[in-house]
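Since the structure comes first, as structure tokens, the remarks are kept for the end.
Quick note: numbers below take in every heavy atom, side chains included, and nothing from hydrogens, waters or symmetry partners.
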Amino acid sequence: MSARTAPHRATPELRTVTEETRDAYLKAVSRGFHDTFSAEDWGPGIDQIEPERNFGFTVDDRWVSSAGACTRVMTTPGGSVPVAAVTVVTVAPGYRRRGLLTEMMRHQLTQDVIARGTEPLALLWASESLIYGRFGYGRATSHLSVSGATRDMTFLPGVDLGEGSVDEVTKDEALTVAPGVRESFLADRPGALNRTKLEWDSIAHDPENRRRGASERRYLLHFAADGTPDGYAAFRTKWTDDGGEVMINELDAATPQGYARLWRFLLDLDLIRKFRFHSVPTDEPLRQLVADQRAIKTELHDATYARLTDLPRALAARKYTAELDLVLDVADTFLPDLAGRYRVQAGPEGAEVTRTDASADLSLTVRDLGAIYLGGTPLTALHRAGLIGEHTPGSVQAVTTAFSWPRAPHCPDDF
């Protein structure tokens, strides 16, 4: 066996994953996240890896970096749009500060996302929030983690639980019903992603060694008054020194009554003293349902980041709450061919976006556009931070109003 090439003397080669190299590639991905690769642990999720969309640098036939994307569809305000869900981005420690990440990001955006011609934006969760802004990604969604003592979660007297009921069901029962239930109200939550059967099966995959001392994943369905399932939840329980804890993975329902009753079921579980839900939307109703809002510990986290790669198509894939007609001067230092002035004519029926030589009303970056795209970040906030150039008075407020949406964006899917 020949000696390994020292990192400082190596010339990494960019390669695309094949079926034959997939497991070796995923071993490098697992190592990058300080984990150990096991095909059994990945379960159905291993088939979510699209080899042609995954690539990285190799040295001596060993993967030293990785990056990939999954083909998904994201709900937008009033519509939907195909997105490249960027994932498994790693660089081995010995090969950092070599520009590998920058090269992978440029390769992915130009040779995969833009070249495919079907996805006008990319989306990712950032393990390190400082990294991706320089590649044009802006924080499009945020989420809350909520926790507290279940005994302190008394609801306000006027909360309506409806005439339905909640029952615990098996995984198979849940997976028969939950996808259709979720699909029925998916269009109401900007930022959410579609789920195929493979994605549902991957989420439900629950190897014991990944539970970290918690119970198996358990499932609830809410049944409306006529017996029709119209809500679901997934959760685990765990014993701690302070008693039992319920850890909620998912909870959603078609009606406020079903939503409240699902929460009440989980908060009233026998022997449980604490609850925790790591990822809820910033407009989470639980905080309005309880009598003592201070009893809920709430922490704000950044969530998904969006990177527009086809501005006209991306902006046309959503609707707007007010009429808008102005010119944006968009800076894009990472992909300069996308920079320029765009006239945006938008309203409740959609938008038409064209390049123009007209004078700009606003100057901003593609990162700023990613941040405001789903309505989660008002342009006024970026303007107050000194990031936006307003050349026509009132333009910042006009964009803020038009891009806003009644429901806060949220992405409950990790990828």
Side-chain angles (χ1 to χ4, degrees), residues 12-39 41-59 61-74 81-93 95-96 98-129 131-132 134-137 140 193-196 198-203 205 303-309 334-335 370 411 413-415:
E13 175 187 0
L14 189 66
R15 294 171 54 189
T16 300
V17 175
T18 65
E19 292 290 345
E20 292 72 27
T21 62
R22 185 186 67 178
D23 282 6
Y25 173 81
L26 292 178
K27 287 179 182 178
V29 169
S30 297
R31 195 164 53 243
F33 288 100
H34 306 297
D35 203 351
T36 301
F37 172 72
S38 165
D41 287 347
W42 275 71
I46 204 166
D47 292 324
Q48 291 179 279
I49 297 296
E50 303 170 44
E52 71 279 5
R53 303 203 72 174
N54 283 260
F55 60 94
F57 283 96
T58 62
V59 172
D61 289 327
R62 180 175 63 96
W63 296 97
V64 298
S65 72
S66 63
C70 300
T71 305
R72 304 292 291 271
V73 176
M74 180 178 71
V81 64
V83 297
V86 176
T87 186
V88 298
V89 179
T90 71
V91 177
Y95 290 85
R96 291 179 183 153
R98 297 275 299 270
L100 271 59
L101 177 60
T102 299
E103 288 192 51
M104 289 195 300
M105 291 293 99
R106 183 171 284 109
H107 177 84
Q108 183 175 65
L109 292 172
T110 59
Q111 303 305 309
D112 180 22
V113 182
I114 294 176
R116 289 167 73 91
T118 57
E119 300 159 340
L121 68 144
L123 194 74
L124 57 77
W125 288 83
S127 298
E128 299 287 347
S129 61
I131 293 176
Y132 293 97
R134 67 180 185 267
F135 306 128
Y137 284 89
L193 300 180
N194 71 316
R195 288 184 192 169
T196 64
L198 175 61
E199 281 139 8
W200 276 102
D201 289 342
S202 178
I203 291 170
H205 183 61
T304 52
Y305 289 69
R307 207 297 178 194
L308 277 62
T309 56
F334 193 63
L335 298 178
C411 183
D413 292 71
D414 198 3
F415 53 86

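Taking both residues in full, the closest heavy atoms of Q108 and G68 are given as NE2-O, 3.0 Å, listed atom of the first, atom of the second, then distance. The nearest pair of heavy atoms linking A306 to A140 is CB-CB, 3.9 Å. Here the shortest heavy-atom pairing between R72 and A85 reads CG-CB, 3.8 Å. Closest non-hydrogen pair, P120 versus P82, comes out as CD-O, 3.5 Å. Of all the heavy atoms in P12 and R98, the pair that sits closest is CD-NH2, 3.5 Å. For the residue pair Y25 and A67, the shortest heavy atom distance occurs at OH-O, 3.0 Å.
Contact annotation: the side chain of L123 approaches that of F415 to within less than 4.5 Å [non-hydrogen atoms, C-beta and beyond]. Between T87 and L124, the closest side-chain pair of non-hydrogen atoms is not below 4.5 Å. Side-chain contact between M105 and R134: absent, with no pair of heavy atoms (C-beta onward) separated by less than 4.5 Å.
Take R62 and apply the side chain to side chain contact (heavy atoms under 4.5 Å, CB included) test, not counting sequence neighbours, and it matches R4, V64, Y95. Considering only residues two or more places apart in sequence or on other chains, E20 meets the side chain to side chain donor-acceptor pair (under 3.5 Å) condition with T18. For F57, there are no ring pair (Phe, Tyr, Trp, His ring centres under 6.0 Å) partners, not counting sequence neighbours. Remark: R22 pairs with D47 by the salt bridge (Lys or Arg N to Asp or Glu O under 4.0 Å) rule, at least two apart or across chains. Under the side chain to side chain donor-acceptor pair (under 3.5 Å) criterion, S65 pairs with no residue at all, not counting sequence neighbours. Listed by chain and residue number, N209, R210 satisfy the side chain to side chain donor-acceptor pair (under 3.5 Å) test with D41 (two or more places apart in sequence, or in another chain). Residues meeting the side chain to side chain contact (heavy atoms under 4.5 Å, CB included) test with T196, sequence neighbours left out: N194, L198, E199. With sequence neighbours excluded, the residues satisfying ring pair (Phe, Tyr, Trp, His ring centres under 6.0 Å) with F135 are F334. Listed by chain and number, the residues in a side chain to side chain donor-acceptor pair (under 3.5 Å) with Q48 are S202 (sequence neighbours excluded). Under the rule for a ring pair (Phe, Tyr, Trp, His ring centres under 6.0 Å), the partners of H107 that lie at least two apart in sequence or sit in another chain are F55.
A perpendicular orientation is assigned to the rings of Y137 and Y132, their planes being inclined by more than 60° (bins at 30° and 60°).
Judged by distance alone, with hydrogens and angles left aside, the side-chain atoms of E50 form a donor-acceptor pair with the main-chain N or O of T71 at under 3.5 Å. Not a single donor-acceptor pair under 3.5 Å links the side chain of T21 to the backbone N or O of V17.
Between atom CD1 of residue I46 and atom NE2 of residue H205 there is a gap of 10.0 Å, rounded to the nearest 0.5 Å. For the atom pair CH2 (W42) and OG (S30), the distance works out to 6.0 Å, reported to the nearest 0.5 Å. T309 OG1 to R116 CZ: the interatomic distance, rounded to the nearest 0.5 Å, is 11.5 Å. Atom CG in L121 sits 5.5 Å away from atom CG in L308 (nearest 0.5 Å). For the atom pair CG (N54) and CD1 (I49), the distance works out to 5.0 Å, reported to the nearest 0.5 Å. With rounding to the nearest 0.5 angstrom, the CD1 atom of I203 is 5.0 Å from the CG atom of D413.
Applying the side-chain hydrogen bond (donor to acceptor under 3.5 Å, both in side chains) test to residues at least two apart or on different chains, the pairs with a partner in residues 119-128 are R53-E119. Listed by first then second residue, pairs satisfying salt bridge (charged side-chain N to carboxylate O under 4.0 Å, His left out) with a partner in residues 81-92 number zero, not counting sequence neighbours.
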Test side-chain contact (heavy atoms from CB on, under 4.5 Å) on L335 and L109; report intermediate values, then the result. CA-CA 9 Å; L335 298 178; L109 292 172; 4.0 Å; yes

Show your working on side-chain contact (heavy atoms from CB on, under 4.5 Å) between L193 and V83 and close with a plain yes or no. CA-CA 9 Å; L193 300 180; V83 297; 4.1 Å; yes

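Using a 4.0 Å cut-off between charged side-chain N and carboxylate O, R15 and D61 make a salt bridge.
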